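The chains referred to below are lettered A, B, ... by the order of the sequence lines, with proteins before strands, and numbering in each begins at 1. For clarity, every value in this text was computed on a predicted model and none was experimentally measured.
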Amino acid sequence: MRGSSKVMARRRLGRSRSSAGCTAGHGYVLVIAEKPKAARKIAEALSNSTRPKLCRLGKVPYWLVSWNGRLHVIASAAGHLFGLTTDERGFPVFSYYWAPLWRIDGSASYTKRFFEVLEKLAGRATVFINACDYDIEGSVIGYMIIKSLGDVKRAYRAKFSALTRQDIQRAFRRLEPLDWDMIEAGLARHELDWIWGVNVSRALMDSVSRVTGRRVVLSAGRVQSPTLIEAVTRDKEINLFVPLPSFAVNVTIALGDYKHTGRLAVYETRQDALKAAEKLRRARFLKVVSYREWRERLLPPYPFNLGDLQAEAARLFGYSPMFTQRVAEQLYLEGLISYPRTNSQKIPESVDVATIVRNLARISEYHNLVGYLLRATGGILRPRNGPKDDPAHPAIHPTGEVPSTPLTGAQKRIYDLIVRRFLASMAPPAILARAHARLAATGIGSLELSGLRILDHGWLRIYYFAAPKESQIPRLRVGDIVDVKRVSVRIAYSGPPEPYTKASLVKWMERVGIGTEATRARIVELLFERGYLASRGKRIEVTELGYAVAWVLARYFPQLTSVELTRYFEEHLEAIRARKTSRSAVIDEAKRLLSSILAEFKKGAMESVGMELAKALNIIKPRNTCIICQREATEAGLCRFHQEALQRLLQGYMEWRRRAGVDCLEFLQKMAQLSSAGRWVREVAAYFVKQGKCPFSAL
DNA sequence: GCAAGGTC
């Protein structure tokens, strides 16, 4: 085979280099970490005087240490090494089993070498310790390895939530039996996600192939589907948006050099606004009714968790959450930053911030910033911790390692962001001078003026990305009279909701509590891969297929359209953990529910759902097309979307007539033009403008 | 082939 001799040579070299002192013999304790980085930390923590002996099998490292007078071999997984799979086709499918991930998942081939090393090391071990992350998945990762390659009867759990010598040693002095309740809850999580996801995905795919004979990859799941529905709901509101008019009375004032134009009052109708404007022109002045100056402390930011980092990198550099995550993972593997897949905004005491800060000063870019930080704090370095926490990892922070090879542009930016955020979190607050004035015109409204100056930049010197915009207003006194230079009435339109971006959709997932740090960005990308979502610049749009899948789910699998299914899972997993119920009881209940809805789907919905999806996929052409677009016409010659847009236009027209006194065609022309009007709304309006007729004939 | 979850 191509290149095999080279590979073999490297393998031999790897073996021979590490073989001295690496033959552990029999009867050792095998410690299983979740990842190589953690294994190394554990090895270091358990070797009191001597350095742990680093060994390798192929590319996979493991360590030998003597702890408590016994040889401990510390090896590592690489996340899950086992996953659920089935040999059955079709649905419903409830017969699944655990298998090595490298056998069942083509993208997880890297797990094979970890699997093989653990297999080899487990064979000669007498005791097994699950030292994976102290969370539900860590319990499953270690358990599956010990169960498949070792012996659960000779196994223990080490529980530590920080990778520090102290915490690790404490955990190894107080080893506990395997945490069966956590394991059962974790196994149940895997099974529940599998039976829901695989069955409903197959129901969608099979209905398409039933109707068209084609195989198309479609999917649904506890996390991806509510996320799709959220994007659909927003996209629909934007596409159906009918802007409403309002009339603002704007006023220009001048005080010496200071000139300002602002909004005094807003009216629904033009007449009311014109009346107020006329009144104001006659009065010709505003009176200061309040004036206040004060100082404000702007507290430093929390150190980053992954979601905050992704949001900031999107805001500042336009990076997608997945891209930011990939770059952060590279920096982590280079040893430059701590573990990035964390929800924590806290830097615990166990992190030696003083040493990290001192080391950062050796990087020329940060030398002066560190100098400032040490002067400004008197050397007392305490990060401002945020409320969010993570069972297994602290907030993202630099390690203090100096980059050995030059960083790429994106790596440099992300690293810089992390370093500055970390340093800023320990810096003094910024001091702002603020001023606010209210200038009233009796019986009409008032003009608000706000001023802001930064008196002391504090942490903003370091994390300058968050600096507020400065503005000055004149110093006023209550009772002062200010001349009005100009009065105008301007029409304003209400605006649609903000379209989602990848970053804001990930933030939504975080806010409602679905997915994890490691999966949210990936699941958003998956919705693009499936063809449910598409990008238009930074904004997310839902495709025809996305709308069709959302419609099918809402009708036949409503459980998957809401984040409530995650809440339901969480409650039941917690009950398993508390031994109030059992895994089998929870799984049986899920199977019963799924059996019944899947059977009903199979009996009565395959054809219609297949047709619906096939039309969205453009495999089947609709019989009657909409008079405006290529979609199927459902009512009055219009498709579902344009029909709904027409309804919204009717409501909007009544409001426009009342507020602005327009007639039907004027209104439709306006709607066809306004860029804030939804796409479907504009299309319907343009159609009737072209026809020269008003669709609201009943009026 | 399909989930969501870990990590290279």
Side-chain angles (χ1 to χ4, degrees), chain A residues 32-39 58-61 76-93 96 98 101-102 104-115 117 132-133 135-145 185-209 214-228 325-326 328-330 332-334 339-342 392-393 509 514-524 526-527 529-530 549 557 560 565-566 569 573 590 594 598:
Chain A
I32 297 149
E34 188 157 323
K35 44 191 169 284
K37 279 254 158 90
K59 281 195 280 182
V60 177
S76 121
H80 283 292
L81 298 187
F82 295 84
L84 288 171
T85 190
T86 183
D87 298 326
E88 277 184 24
R89 297 158 64 95
F91 76 95
V93 52
Y96 45 79
W98 289 89
L101 217 50
W102 58 267
I104 58 175
D105 181 352
S107 69
S109 56
Y110 65 88
T111 58
K112 190 177 182 198
R113 55 179 194 264
F114 289 91
F115 178 93
V117 168
C132 292
D133 289 358
D135 55 29
I136 188 168
E137 298 298 332
S139 292
V140 172
I141 291 168
Y143 166 72
M144 284 308 304
I145 291 165
L187 295 174
R189 205 280 304 150
H190 282 260
E191 293 181 48
L192 286 170
D193 273 325
W194 194 93
I195 58 180
W196 273 98
V198 171
N199 277 295
V200 176
S201 297
R202 286 184 178 185
L204 297 176
M205 289 186 279
D206 289 3
S207 59
V208 172
S209 64
R214 292 229 220 152
R215 305 192 72 86
V216 183
V217 177
L218 298 173
S219 63
R222 172 179 58 88
V223 179
Q224 64 170 271
S225 296
T227 306
L228 170 65
Q325 185 171 335
R326 259 200 300 272
E329 280 161 1
Q330 291 160 5
Y332 164 69
L333 292 174
E334 289 291 317
Y339 186 80
R341 291 180 287 256
T342 174
H393 306 284
M509 296 170 79
I514 59 174
T516 67
E517 307 314 305
T519 59
R520 285 182 199 120
R522 204 197 301 164
I523 286 172
V524 167
L526 180 73
L527 294 173
E529 220 172 275
R530 292 277 177 269
V549 168
F557 306 102
L560 280 184
L565 190 61
T566 294
F569 275 30
L573 299 188
L594 267 164
L598 290 166

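Remark: P of B:dC2 and CG of A:L204 are 13 Å apart, rounded to the nearest angstrom. Between A:W194 atom CH2 and B:dG6 atom P the separation is 20 Å, expressed in whole Å. Rounded to whole Å, atom P of B:dG5 lies 18 Å from atom CE of A:M144. As rounded to whole Å, 16 Å separates atom P of B:dG6 from atom CD1 of A:I104. Atom CZ in A:F557 sits roughly 17 Å away from atom P in B:dC2 (whole-Å rounding). In this structure, NE2 of A:H190 is placed 18 Å from P of B:dC2, rounded to the nearest angstrom. One interatomic measurement links the two molecules: CG of A:L101 to P of B:dA3, which rounds to 14 Å at whole-angstrom precision. Look at CD on A:Q325: it is 12 Å from P on B:dG5, rounded to the nearest Å.
Residue contacts for A:T519: at a heavy-atom cut-off of 4.0 Å it reaches a base atom on one of the strands shown. Using a 4.0 Å heavy-atom criterion, one finds that A:G83 contacts no nucleic acid atom at all. Using a 4.0 Å heavy-atom criterion, one finds that A:R520 contacts no nucleic acid atom at all. In this structure, A:N199 reaches neither bases nor backbone, as no heavy-atom distance under 4.0 Å exists between it and the strands shown. Across all strands shown, A:L218 has heavy atoms under 4.0 Å from sugar-phosphate atoms exclusively, and none from any base. Among the protein residues, A:I514 comes within range of no part of the nucleic acid, since none of its heavy atoms lies under 4.0 Å from any strand. Contacts of A:R189 with the nucleic acid, taken as non-hydrogen atoms under 4.0 Å apart, include base atoms. Within the nucleic acid shown, A:E329 has no heavy atom closer than 4.0 Å to any nucleic acid atom. Among the atoms of the strands shown, base atoms are found under 4.0 Å from some heavy atom of A:V198. Among the protein residues, A:A220 comes within range of the sugar-phosphate backbone only, with heavy atoms under 4.0 Å from sugar or phosphate atoms but none that close to a base.
In this structure, A:S201 does not reach the B:dA3 phosphate: none of its side-chain N or O atoms is under 4.0 Å from OP1 or OP2. Note on A:T516: every side-chain N or O is 4.0 Å or more away from OP1 and OP2 of B:dA4. A sub-4.0 Å separation between OP1 or OP2 of B:dG5 and a side-chain N or O of A:R222 is present.
Distances were taken from every side-chain heavy atom of A:E137 (C-beta onward) to each of B:dG5, B:dC2, B:dA4; the shortest belongs to B:dG5. Of the listed nucleotides (B:dG1, B:dT7, B:dA3), B:dT7 has the atom at the smallest distance from the side chain of A:Y339. The side chain of A:Q224 lies closest to B:dA3, out of B:dA3, B:dG1, B:dT7. Listed nucleotides B:dG6, B:dA3, B:dA4 differ in distance to A:V223; the shortest reach to its side chain belongs to B:dA4. For A:A518, the side-chain atoms get nearest to B:dG6 when compared with the rest of B:dG6, B:dA4, B:dC2. Taking every side-chain heavy atom of A:I523 into account, B:dG5 is the closest of B:dG1, B:dG5, B:dG6. Side-chain proximity of A:R202 to the nucleotides B:dG6, B:dT7, B:dC2 is greatest for B:dC2.
With hydrogens and angles ignored, the 3.5 Å screen pairs no side-chain donor or acceptor of A:R222 with any backbone N or O of A:W194. The closest donor-acceptor contact from the side chain of A:S201 to the backbone of A:A220 lies under 3.5 Å.
Of the two residues contacting DNA chain B, namely A:R89 and A:F114, the nearest-nucleotide position lying further toward the 5' end is that of A:R89. Nearer to the 5' terminus of DNA chain B, by closest-nucleotide assignment, is the contact made by A:L84 (compared with the other of A:L84 and A:A78).
Between the CE atom of A:M205 and the CG atom of A:L218 there is a distance of 6.5 Å, given to the nearest 0.5 Å.
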### Task
Test side-chain hydrogen bond (donor to acceptor under 3.5 Å, both in side chains) on A:Q330 and A:E334 and set out the steps.
CA-CA 6 Å; A:Q330 291 160 5; A:E334 289 291 317; over 6 Å; no
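Not a single donor-acceptor contact under 3.5 angstrom links the side-chain atoms of A:R341 to the base of B:dG5.
A pairwise comparison of heavy atoms in A:I145 and A:A77 identifies CD1-CB, 3.7 Å as the closest pair.
Qualifying ring pair (Phe, Tyr, Trp, His ring centres under 6.0 Å) partners for A:F82, counting only residues two or more places apart in sequence or in other chains: A:F115.
With a 6.0 Å cutoff to the six-membered ring centre and a 45° limit on the axis angle, A:K37 does not count as a cation-pi contact of A:Y339.
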